[in-house]
Amino acid sequence: MLALQLTITGLQTGALYALTAVGFSLIFGSTRIFHFAHGATFIIAAYLFYFVNVSGYGVVLGIAAATAGAIAFGLLLNRFVYVPIQRDEGSFFTVFVASFGIGIVIQNIVGMIFGRGFVTVQTPLSFSVELMDGLYVSPLAWISMLCAVVFFGILWCFLRYSNLGLSLRALADNPELVKAFGLNPRYISACAFTIGSILVVPAAIISGATSGLNPAMGHHVMLISLAATIVGGIGSVAGTLLAGLALGLAESLALLYVDSQWTEAVTFAILFLFIIVRPSGLLGRSAAH
Amino acid sequence: MKQIKLIFAAISCMSILSFGTAAAEDHTIGALFPLSGPNATYGDVFMSGSDLAVEHINADKMLSGPLSIAYEDSQGLPQPAVVGMTKLVNVTNVPYVLSAFTGVSKAISTLGNRNEVVAVNGGGVGPDLAALGEYFWNVIPLVNLEVRAVMPYLIKEQGIKRVVLIYIDDPFGNSILDELESTLESAGGELIETMSVPTTAQQFSGIAAKVRAAKPDAVYIASYGAQQIQIVKQLRDNGVDQQLITYSGYLVPDALALPESEGIIATGQGVNYNSEDPVTKRFVADYTAKYNRAPTAYNVNYYNATYLFALLAQALEAEGKEVTGANLLAKRKEIGTFDLVGGNVSFQENGTLLFPIQVKTIKNGKTEVLDTIDFGK
Amino acid sequence: MEAYLLNLVILISIYSILASTLNFIMGYAGIYSLAHAVFFGVGAYAGTFVATHFSASIFFTLPAAMIAGAVLSLILALPALRVRGEYFVAASLGLQVLAVTIFSEWKSVTGGIGGLIGIPPLDIAGFEVFKPNQFVFVTVVGLIIVLFIINRLVHSSFGRSLRAIRDSESAAAAFGKNVPLIKTISVVISSALTAVAGVMYASYLSFINVESFTLDTSVLIMAMVIIGGTGTQAGPIIGAALLLLLPSLISYLDFLPQTEIGSIQQIIYGLGMALLMIYRPGGIVGLKKQSGGGKK
Amino acid sequence: MVSSQVDTQEVLMEIRNVDRAFGGVKAVDNVSMDLRAGIITTLVGPNGAGKTTLFNLITGELSKDSGTIKWLGQPINRIKPFQAARAGILRTFQDLRLFNEMSVEDNILTSIEANSVPLPMAKSQRKARREKVEYALSRTGLIDKRHIRAKDLAYAERKFLSMARVMATDARLWLLDEPASGLDPNSYEKFLEILREEVKQGVTVCIIEHNLDIVIGISDRIAFLDRGKLLADDEPQTVLNDPDLRAIYFGERT
């Protein structure tokens, strides 16, 4: 029963990890931008929702604000930081450092406005219901999994059937193709940032109710997204999805065997091994070099 | 080398930014409080206690000259604290330093022992603070005392036997683990499962599942700050409806306001503010008048820490001895028992004050005292 | 006042060693490590272990720390040989997170989060150094020695090989550079020298705990290098001095709330990193510098 | 294979039945040829013929699927690029791959230093090294630009720097990947002159080139590759006059 309970908990966590990670993976895969500030997008969306919610404007407006904030942040960052750096043929590291810097700035600004402690979105949905003897599931767990299914469904259709999706996927397979197809790289990368940022929103909002928010959690979100992207295989949305789910499950099920302070180490040991042994990840095609 | 010159140039620019050092008074003691950074609000709380003590001491002319405190900013972190301590020891030359926070206290304790400067903690409750050497004193009861107070009470009054412990994986949490094990054993309870959480964790639904599976009578939570609040909330969210037990660190406004806190049992330092002894009466009256709010245990502790210095220095001056760290230590051991806020209290062998412990419960966002356990008598 | 300045000089020297050694692999070899604090920590713990269990003499503590740093750095060299760019950054991040867990959990050696107290002073040929006015000489001399070693290496054929590898690994190999070996040596040297800073730091503070060796520290060191100027010799030192003086500089501005100083400092260095990357990827010193080369 | 009139020359490198495929496409298909000492062999063929891949296989940048390569009579099948360089086989790259952040002088200097361990060097060694750098600088006309960063050079200068890196070494075989492409007429006259001079001094060159004028101007021998296959390896006139090869070369393939 404990294992089943932990599996459900793990799926809930994993669904949110997968959503966030696929956002990062999509951006990274298609634009090759090491968007470390993805964690900051998460923070912005989460705190905007929290702010609108505690101000009494309700959930719908909160979701709208969080989504708008996430998209705006992603696009602005792309336009005013990444594009200028890349115009100067900046190396990946230049982009990474700038992104990292912005992440620090956002974390501290949010901290100054909302405080550095935890804040929690109060909702009756976080209260668990006993499904059967000893198995408690909160409505938020179902919402998380439902969100994951819906978002991935839409994303899958989009990547498979729309022109834009096809070019994004082509881009992920081979960044060189963007020129060959005569696509406007600026437009494509703006699209990647929009979609990638939207994918953060459900996880950001739900985390606010389940585990609470704090300005420093962007780091953790980013590390998990990075781990899932690399373990899943850069450029592979399906791989990242699987890896995100697996990381969530592993984190939860590990409690059966070890104390929880080891779970993060387990995640990153896996990441480290993957990079050394199989840098192309679970479903990745291209080699690391 | 060019680079080195650059550094010195940069440093000499800095000298204009000299930090106001305390004027050379007859008596100066130091204080390492968080004056900036996320914990700065604590600094204000601590200072309000020590500043009031200085006013009283100087008004009473307890010492041959006026007393003042040289405040240094520790930010609540080890590295800045050591920088500040070095300055207090080597430049300001103080014999006595007020300290706060477990990490800060541990970091400066070696400097204190090396240079024979007394450091006094009135804020941290980690039990290892009792083992930082002769020159490190605590004017606050440490958390092991709280565990020793609450468990026998609960076993007797509420019939709680099987306890699960959730503890933060740091020295504080680990010492609670040790303390709880031995206390429960001698009091007739049982520690059926322990779960440690890393300092950065914020997801506890898995922990909650394990707690439910263990089917305890009560859950003891040993963490601090926001994490502790999260643990309580998520345990309640995830179907843990057993009695929750915790310690003084939980009694902060944020936690009291949480609906899930209802019914939690917590312990805390017992200060009888209604005591008739003159020191307590004067403290309560003047504190309330000066700051327009009722004092808390932290205010009391730093008032006491400062007042303790005055008592010791007064005794030393009466004998014509110099007020040094070594002499202060000798004097404290000689006297042993002091009239401070909260009554007549005595030091244990390890330099920690014995205080009574109160067992409280949270009702409608307020604490209610269930019992007071007095170890001293 | 004087002690305050001495303290700053000591800390700046120690962090300058950290920044310079990181710059050695980052700026010259293109190994962008986010795990530098790991070797800082390894040096500190190893030095402390030897000092408390055997002898506090620097003739024991320094070599022990350097060897520990050098040996463990092979773990960092491993991904450095296999992968580049984003993958290596991710690998070093993974290593950093792993190391922090080990530092927190291996309590018999590291004291965990509670840390180690009572670390003995540096013992230099029987002379105990702990007063700031003495310690400052040790750290400044240490920094000068480290800078001298790095300076010699950078201006030798080895340094040219490193820069060649950074600029084009395949071309370097095509001209006879044993790329894996050279990379490994550079990581080992850098980590061994980093460990020296760890020993000094531990015995100066006489207290260490895991919080000094987290990802935040690695990022801070990286920021020092980048803001000062990657691939330059003065850059890391200027970066270290600047970032360590920043809190004092900010606290001088009375109108800022004291409680937010930490945040403001971080915002400044975060913004500094982003703006520099957009306008001056070379860093403060980098902009004047025309070539990474020098005289032979 | 067609017979040759320069058989008198010593065979430096012997390539036999070398194969390499990328995902089912044969980039180099059963190629066998000899590189003879003291002459310029030109690799020609349309884009994607496998010329650069052949270079990569020789220096060990890529591994062969099958076949053998012998250098000075010794098989070098599992050689790594740095070992190839130390054995005297050097190459340039189509995209140059200069050490962009380094000065011109350092670019050349580092190309002749093959030691990995940071140990001090004898004075005489340093002097010899110095002379080689000066020689390469003066021959390529980069002497005034020695302190300029490679990435700040003009296009032709970058090409010459790429050559200078090779010239300063003691390598016996140079594999040059389109060294003259995009050069203005003056520069390429200079380039041809340098090349002829070096060959006269005993260097062996294998060069990938598209410009027919250059091919005619410098080749002692031409090897013609198409779709991974070696279609000809003979005297320049023989190859260039072959109508089938001309058709392939000028894209009149049927």
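First the proteins, then the strands, lettered A, B, ... as listed; each starts at 1.
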Determine the option with the most heavy-atom pairs under 4.5 angstrom with chain A, choosing from Glu86(C), Met273(C), Met26(C). Glu86(C)
Region of Val83(A) in contact with chain C, defined by heavy-atom distances below 4.5 Å: neither
Distance from Ile267(C) atom CD1 to Gln107(A) atom CD, nearest 0.5 Å? 10.0 Å
Would you mind checking which part of Ile276(A) comes under 4.5 Å of any heavy atom in chain C, side chain (CB onward), backbone (N, CA, C, O), both or neither? both
Among Ser92(C), Gly94(C), Gly30(C), which residue forms the greatest number of heavy-atom pairs with chain A at distances under 4.5 Å? Gly94(C)
For a 4.5 angstrom cut-off between non-hydrogen side-chain atoms, does Leu34(C) reach Phe96(A)? yes
Shortest non-hydrogen separation from Ile264(C) to Met112(A) and the atoms involved: CG1-CE, 4.1 Å
Might you point out which heavy atoms bring Leu226(A) and Ala90(C) nearest each other, and give the distance in Å? CD2-CB, 3.8 Å
When you compare the side chain of Phe100(A) with that of Met277(C), does any pair of heavy atoms fall below 4.5 Å? no
Would you find more than 12 non-hydrogen atoms of other residues, nucleotides or ligands less than 6.0 Å from Phe114(A) atom CZ? yes
Shortest non-hydrogen contact between Pro281(C) and Thr94(A), atoms and distance: CB-CG2, 4.1 Å
To the nearest 0.5 angstrom, please state how far the CG atom of Leu98(C) sits from the CH2 atom of Trp262(A). 9.0 Å
Quick check on Ile268(C) against chain A: is it the side chain, the backbone, both or neither that has a heavy atom closer than 4.5 Å? neither
Please classify the contact between Phe80(A) and chain C as side chain, backbone, both or neither, with a heavy-atom cut-off of under 4.5 Å. backbone
One option among Gly111(A), Ser99(A), Ala227(A), Ala265(A) has the most heavy-atom pairs under 4.5 Å with chain C, and it is Ala265(A)
Check each atom of Tyr269(C) against the heavy atoms of chain A and say whether the ones under 4.5 Å are side chain, backbone, both or neither. side chain
Minimal heavy-atom distance between Ile275(A) and Ala91(C), with the atoms involved, is CD1-N, 3.4 Å
Part of Leu95(C) lying under 4.5 Å from any heavy atom of chain A: both
Reference residue Phe268(A); test side chain to side chain contact (heavy atoms under 4.5 Å, CB included); the match among Leu93(C), Val100(C), Val97(C): Val97(C)
Result of checking Ile109(A), Val105(A), Asn108(A), Val110(A) against Ser263(C) for side chain to side chain contact (heavy atoms under 4.5 Å, CB included): Asn108(A)
